[in-house]
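The next block holds one structure in the form of structure tokens; read it before the comments.
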Amino acid sequence: MIDVPGTLSSGQVFLWRHVGVFWYVIDGQNILKVDDTGVIDATRTITDFFRCGDDIDRMHESFAQDPLLTELIHRYEGLRITNQNLFQCVISFIVSANSNIPRIRRNLQDICHRFGDKTAYDDIAFCLFPTPAVLAGTDTHHIRECGVGYRAQHIQGASAAIRDGLCDGIDRMSYKEAQGTLCEMPGVGRKVADCILLFSCGHLEAVPLDRWIIRVMHEHYGIGDGTTPHTTRQYDILHDDVRDRLGPYAGYAQQYLFKMARNNSEKPLKW
DNA sequence: CAGGTC
DNA sequence: ACTGG
């Protein structure tokens, strides 16, 4: 059973809306209609957005020797990793760098309202996510008006790269090969690449090392020193240690730990 | 200070 | 270095 609201509000998906008993998710040019069980309809092809094929029992077994993860998979039962539209995911996490989740949501909504096609579904008005060509052809001055600041240059450059085919066939690449491809885009470093690799490319060994996870890995596992790595080499060393410790479902483990860290923080979560 | 990058 | 909770 999928925990739909828990998954949508876990910092991996930003463009969703709760209307009545349904959730509507903007996923590229698609609108997904979701109820408590998962995706039930869509304006385009239905995607396996909640990765229903993942072997959750097998994941539980791989966490058996880890008391913390064993507790968290019960506390947050039904929390899933999503399988998102690649381009929207790239832009989402470029926007996320050195920002906060309420602001990321606002920035992405503004991008849809200014540059995405308007449509209606179930008599509700929606704006789709713009295509790579549209954002690539937009002056950075106008992208900046969405509140993204200096990230506007990165958004335009990454959009042009994807429009020109940089990421074609990325689903057939290995983790490292896909990472190298993604990191060619401006605004995409190791952490943002790991988000894309996990949430769009299905690489469950990808572990986005953000401030929260870095802190948790230090405090609960004694891995790293709790500070953000500032070179790719530092990031890679830490990533290897973290992945070795969390196992083949490290990406899932990361999402449970991220949820725990944020829920335990002093500040009430705003979204 | 915020799901980092150049 | 942008930006706002």
Side-chain angles (χ1 to χ4, degrees), chain A residues 6-16 76 79 81-82 84 88-111 114 139-161 179-200 203 206-219 224 226-239 242 246 250-271:
Chain A
T7 299
L8 293 180
S9 62
S10 68
Q12 37 175 334
V13 197
F14 302 100
L15 292 176
W16 48 268
Y76 304 128
L79 175 61
I81 294 295
T82 58
Q84 306 177 32
Q88 182 176 325
C89 191
V90 168
I91 302 303
S92 295
F93 287 98
I94 286 175
V95 166
S96 80
N98 196 31
S99 188
N100 55 75
I101 291 174
R103 182 184 167 198
I104 297 162
R105 283 172 59 87
R106 241 195 0 266
N107 293 164
L108 293 172
Q109 281 167 22
D110 285 354
I111 287 173
R114 280 175 177 273
D139 193 88
T140 56
H141 176 262
H142 294 302
I143 298 177
R144 201 177 258 267
E145 288 171 2
C146 296
V148 297
Y150 59 87
R151 301 169 193 82
Q153 292 277 8
H154 301 159
I155 291 169
Q156 192 201 43
S159 298
Q179 177 185 69
T181 301
L182 292 168
C183 288
E184 287 184 40
M185 292 186 281
V188 180
R190 283 292 201 270
K191 187 271 171 183
V192 168
D194 268 332
C195 290
I196 300 161
L197 289 161
L198 181 58
F199 303 137
S200 280
H203 285 288
V207 181
L209 298 179
D210 75 310
R211 306 168 191 260
W212 295 97
I213 294 301
I214 287 163
R215 210 174 304 161
V216 168
M217 292 313 298
H218 173 63
E219 291 175 0
T227 66
T228 304
H230 277 79
T231 68
T232 58
R233 170 154 178 77
Q234 279 180 302
Y235 187 100
D236 288 344
I237 292 169
L238 185 57
H239 190 279
V242 169
L246 300 180
Y252 268 94
Q254 171 273 153
Q255 205 61 32
Y256 283 93
L257 294 168
F258 181 74
K259 189 115 180 168
M260 175 195 73
R262 286 182 56 81
N263 285 352
N264 289 347
S265 77
E266 298 297 322
K267 288 181 266 184
L269 303 179
K270 294 173 194 168
W271 48 28

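Chain naming here is simple, since letters A, B, ... match the order of the sequence lines and numbering starts at 1 in each.
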### Query
Looking at B:dC6, B:dA2, B:dG3, which one has an atom nearest to any side-chain atom of A:Ser96?
B:dG3

### Task
Compare the minimum distances between each of B:dG3, C:dC2, B:dC6 and the side chain of A:Tyr150, then state the nucleotide with the smallest one.
C:dC2

Integer-rounded Å distance: [N] [atom2] and [X] [atom1]:
X        : N     : atom1 : atom2 : value
A:Asp194 : B:dG4 : CG    : P     : 13 Å
A:Leu108 : B:dA2 : CG    : P     : 19 Å
A:Ile104 : B:dA2 : CD1   : P     : 12 Å
A:Asn98  : B:dG3 : CG    : P     : 10 Å
A:Ile155 : C:dA1 : CD1   : C1'   : 15 Å
A:Arg106 : C:dG5 : CZ    : C1'   : 8 Å
A:Arg190 : B:dC6 : CZ    : P     : 10 Å

### Check: C:dC2 base within 3.5 Å donor-acceptor of A:Arg103 side chain
yes

Quick one: side-chain contact (heavy atoms from CB on, under 4.5 Å) partners of [X], sequence neighbours excluded?
X        : answer
A:Ser99  : A:Arg103, A:Ile104, A:Arg151
A:Glu184 : A:Leu166
A:Ser92  : A:Phe14, A:Gln88, A:Leu108

Would you be so kind as to tabulate the donor-acceptor pairs closer than 3.5 Å made by side chains of residues 208-217 of chain A, with sequence neighbours excluded?
{"unit_1": "A:Asp210", "atom_1": "OD1", "unit_2": "A:Ile213", "atom_2": "N", "d": "3.2"}
{"unit_1": "A:Asp210", "atom_1": "OD2", "unit_2": "A:Trp212", "atom_2": "N", "d": "3.2"}
{"unit_1": "A:Arg211", "atom_1": "NH2", "unit_2": "A:Asn98", "atom_2": "OD1", "d": "3.1"}

### Task
Output every pair passing salt bridge (Lys or Arg N to Asp or Glu O under 4.0 Å) with a member in residues 229-238 of chain A, not counting sequence neighbours, ordered by first then second residue.
A:Arg190-A:Asp236

### Query
Mind pulling the stems DNA chain C is in, i.e. runs of at least three Watson-Crick or G-U pairs, everything under 3.5 Å?
none

## Note on the structure
Taken in chain and number order and not counting sequence neighbours, the residues that satisfy side chain to side chain donor-acceptor pair (under 3.5 Å) with A:Gln254 are none

### Message
Can you work out whether A:His154 or A:Gln12 has the more 5'-proximal nearest nucleotide on DNA chain B?
### Response
A:Gln12

### Summary
Sorted by position of nearest nucleotide on DNA chain B, 5' first, the leading residue of A:Phe93 and A:Cys183 is A:Phe93

### Query
Between the main-chain N or O of A:Val188 and the side-chain N or O of A:His154, is there a donor-acceptor pair closer than 3.5 Å?
no

### Message
Show the nearest heavy-atom pair for residues A:Met260 and A:Tyr76, with the distance to one decimal.
### Response
CA-OH, 3.5 Å

May I have the list of side-chain donor-acceptor pairs in residues 139-146 of chain A shorter than 3.5 Å, sequence neighbours left out?
{"unit_1": "A:Asp139", "atom_1": "OD2", "unit_2": "A:His141", "atom_2": "N", "d": "2.9"}
{"unit_1": "A:Glu145", "atom_1": "OE1", "unit_2": "A:Arg114", "atom_2": "NH1", "d": "3.1"}

### Query
Which parts of residues 206-218 of chain A get close to DNA chain B, meaning a heavy atom less than 4.0 angstrom away?
A:Pro208, A:Asp210, A:Arg211, A:Trp212, A:Arg215

### Task
Select base, sugar-phosphate, or nothing to describe what A:Arg151 touches, counting heavy atoms under 4.0 Å on all strands.
base

